[in-house]
Amino acid sequence: MATALLDAGCVSARRDEPFRLPSGWASPVYIDCRRIISFPKLRRQVVDQGLAHLRAVGALEGVEAIVGGEASGIALAAWMADALDLPLHYVRKKAAGQSQIEGVMHAGDRVLLVDDMMAGGQSKQRFCQALGAAGAQVRDLFIVFDYGTFPTQALLAPLGIRVHALASWRDVLEVARERGDFAPAILSELEVFLSDPAAWSQAHGGRAHYAAAG
Ligand SMILES: O=P(O)(O)OC[C@H]1O[C@H](OP(=O)(O)OP(=O)(O)O)[C@H](O)[C@@H]1O
Ligand SMILES: O=C(O)c1cc(=O)[nH]c(=O)[nH]1
C-alpha cells in the first residue's frame, strides 16, 4: 500500500518548512489520502485489502453498519458498506443542528468506523464520542494510513478502539528508500522524525506533548 500511495502522489516531504498539522504537531511529511478516490484501481485495492485484513482479525464479526468519518472517510466507507451489503452512515466532525450522525442508526448497533487516515487522533476521538453518545458500539477503526508517530493511544485507549491501517510512515520510508523517491537528506530527516516524533515536532515549532496544546 505504501508503494501505491507514493505512486498516486499522496506523499509530500520537505526539510525547509515543516508541515504544521491541525492538531499542532509538526512533521516533515504530509499524506493526502483524499487523492485515493480518483484512482479506481487504488481505491479497489484499499477496499479489498482493508476487508481482507478486517475479516482475518475478526473485526467484521457482528458488525451491523459501516460509518464513514466526514469528509474523506465517507467514500471509502460507502464502498466497504456496499461490498458487505451493510447500511452506511456518516459521522460529522461537528454536530449540524441536533445530530452529528447521519443515516438511520439504531442505538446498540455495532459499527465499524472508517476514515482515510490518522495523525494526532483528535478526529477519531470526536467521532467515537459522538457514536458512543448515540448508543453505537465502536470496537474497530479502519484507516488507510496511520502516522504511527504521535501518542494517539492516549486518546483512543480509553475508548477501547482497535486500529487497523494498511500503511504507516515506516512503510513509506522503507519503499521510498528502496526506490529513491526522495533525496537522501529528506530520507534522513524522516528517519530522525520517526526516531522521536514528539522531539522533532517540538524542535520544529510544533507541540511537544499530547496535553500541551489544544
Ligand atoms: O485528527 P485525526 O484523527 O488524526 O485525523 C486527521 C483528519 O484529518 C483529515 O481530515 P481533514 O480535517 O483534513 O478533513 P477532510 O476529511 O474533510 O479531508 C483526515 O480525513 C482525518 O479525519
Ligand atoms: O493531521 C492531519 O489532520 C493531517 C495530516 C496529514 O498528513 N494529512 C492530512 O490529510 N491530515
Side-chain angles (χ1 to χ4, degrees), residues 1-2 5-6 8-15 17-38 43 46 50 66-80 89-96 100-102 112-132 138 140-159 161-173 176 182 186 189-190 193-194 197-198 200-201 204-214:
M1 183 53 59
L5 292 172
L6 279 160
C10 297
V11 177
S12 305
R14 60 189 193 206
R15 284 185 77 213
E17 194 193 340
F19 295 95
R20 282 297 295 269
L21 307 184
S23 49
W25 296 104
S27 166
V29 274
Y30 185 86
I31 186 123
D32 187 355
C33 290
R34 300 169 196 90
R35 296 171 67 92
I36 292 172
I37 59 174
S38 302
R43 71 190 195 212
V46 163
I66 308 298
V67 179
E70 182 197 11
S72 306
I74 298 175
L76 302 175
W79 288 312
M80 286 184 142
H89 317 307
Y90 68 90
V91 54
R92 296 181 188 272
K93 289 207 159 93
K94 287 184 188 148
Q100 202 167 336
I101 296 161
E102 302 299 344
L112 171 73
L113 177 60
V114 173
D115 205 354
D116 61 337
M117 53 82 55
M118 176 162 71
Q122 282 86 352
S123 314
K124 307 304 166 289
Q125 185 189 39
R126 282 196 289 273
F127 291 155
C128 289
Q129 285 169 342
L131 288 163
V138 197
D140 295 276
L141 161 70
F142 171 74
I143 43 179
V144 182
F145 190 85
D146 188 0
Y147 259 58
T149 53
F150 304 124
T152 51
Q153 272 311 304
L155 300 179
L156 300 185
L159 300 163
I161 304 297
R162 289 193 301 176
V163 179
H164 309 273
L166 298 181
S168 71
W169 284 127
R170 290 222 167 266
D171 304 318
V172 168
L173 174 62
F182 301 118
I186 298 254
E189 198 66 46
L190 183 48
F193 169 67
L194 292 179
W200 196 99
S201 173
H204 294 81
R207 71 198 288 177
H209 305 287
Y210 159 61

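Numbering of ligands and ligand atoms starts at 1, following listing order. What's counted below: heavy atoms across the whole structure, side chains too, no hydrogens, waters or symmetry copies.
- The contact set between ligand 1 and Gly120, taken as ligand atoms under 4.0 Å from a residue heavy atom, comprises 4 (O).
- Side-chain contact check for Leu131 versus His89: every heavy-atom pair is 4.5 Å or farther apart.
- Protein heavy atom closest to atom 2 (C) of ligand 2, with residue, atom name and distance, is Pro22 CD, 3.6 Å.
- For the pair Lys93 (side chain) and Glu70 (backbone), a donor-acceptor distance under 3.5 Å is present.
- The closest approach between Gly120 and ligand 2 stays at or above 4.0 Å for every heavy atom of the residue.
- Residue Ser23 has no N or O atom closer than 3.5 Å to an N or O atom of ligand 2.
- In terms of N/O distances under 3.5 Å, ligand 2 is not approached by Leu21.
- Annotation for ligand 1: atoms under 4.0 Å from non-hydrogen atoms of Lys93 are 10 (O), 11 (P), 12 (O), 14 (O), 15 (P), 16 (O), 22 (O).
- Side-chain atoms of Asp140 and His164, non-hydrogen and from C-beta on, do get closer than 4.5 Å to each other.
- Shown are Ile143, Leu76, Ile36, Val46; of these, the side-chain contact (heavy atoms from CB on, under 4.5 Å) with Asp116 is made only by Leu76.
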Self-check item: Residue pair Val172, Phe145: steps toward the side-chain contact (heavy atoms from CB on, under 4.5 Å) verdict
Solution: CA-CA 10 Å; Val172 168; Phe145 190 85; 3.8 Å; yes
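- For the pair Arg34 and ligand 2, the shortest N or O to N or O distance falls below 3.5 Å.
- Side-chain contact check for Trp79 versus Ile37: some heavy-atom pair is nearer than 4.5 Å.
- Closest protein heavy atom to atom 17 (O) of ligand 1: Ala71 CB, 3.3 Å.
- Closest protein heavy atom to atom 20 (O) of ligand 1: Asp116 OD1, 2.5 Å.
- Proximity of Gly69 to ligand 1 is not established, as no heavy-atom distance is less than 4.0 Å.
- In terms of protein heavy-atom proximity, atom 7 (O) of ligand 2 is closest to Tyr147 OH, 2.6 Å.
- Residue contact check: Glu70 has heavy atoms under 4.0 Å from atoms 16 (O) of ligand 1.
- Of all atoms in ligand 1, numbered sequentially from 1 with element shown, those under 4.0 Å from a heavy atom of Lys124 are 2 (P), 3 (O), 5 (O), 21 (C), 22 (O).
- Between atom CE of residue Met117 and atom CZ of residue Arg34 there is a gap of 8.0 Å, rounded to the nearest 0.5 Å.
- No side-chain heavy atom of Ile161 sits less than 4.5 Å from a side-chain heavy atom of Lys124.
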Exercise. Apply the test side-chain contact (heavy atoms from CB on, under 4.5 Å) to residues Arg92 and Phe127: give CA-CA distance (whole Å), side-chain angles for both, the deciding distance (0.1 Å), then the verdict.
Key: CA-CA 7 Å; Arg92 296 181 188 272; Phe127 291 155; over 6 Å; no
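- Close approach of ligand 1 to Ala119 (heavy-atom distance below 4.0 Å) involves ligand atoms 2 (P), 4 (O).
- With respect to atom 11 (N) of ligand 2, the closest heavy atom belonging to the protein is Met117 SD, 3.6 Å.
- Taking only non-hydrogen atoms, the option from Met118, Gln125, Gln122, Met117 nearest to atom 8 (O) of ligand 1 is Met117.
- You'll find the side chain of Leu6 reaches within 4.5 Å of the side chain of Phe182, heavy atoms only.
- At the shortest separation from atom 1 (O) of ligand 1 among protein heavy atoms lies Ser123 OG, 2.7 Å.
- Of the residues Phe193, Phe19, Tyr147, the one that meets the ring-ring contact (aromatic ring centres under 6.0 Å, His included) test with Tyr30 is Phe19.
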Practice problem: Go through the steps to decide whether Ile66 and Phe142 satisfy the test side-chain contact (heavy atoms from CB on, under 4.5 Å), and finish with yes or no. | Solution: CA-CA 10 Å; Ile66 308 298; Phe142 171 74; over 6 Å; no
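- At least one side-chain heavy atom of Cys128 sits less than 4.5 Å from a side-chain heavy atom of Leu113.
- Counting protein heavy atoms only, atom 1 (O) of ligand 2 is closest to Ala119 CB, 3.3 Å.
- Among protein heavy atoms, atom 15 (P) of ligand 1 sits closest to Ser72 OG, 3.4 Å.
- Of all protein heavy atoms, the one closest to atom 13 (O) of ligand 1 is Arg34 NH2, 2.7 Å.
- Interface atoms of ligand 1 facing Asp115, defined by a heavy-atom separation under 4.0 Å, are 20 (O), 21 (C), 22 (O).
- Scanning the protein for heavy atoms near atom 9 (C) of ligand 2, the closest one is Tyr30 OH, 3.2 Å.
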Practice problem: Quick one: do Trp200 and Leu190 satisfy side-chain contact (heavy atoms from CB on, under 4.5 Å)? Show the steps, please. | Solution: CA-CA 10 Å; Trp200 196 99; Leu190 183 48; over 6 Å; no
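- Looking from atom 8 (N) of ligand 2 to the surrounding protein, the closest heavy atom is Ile31 O, 2.7 Å.
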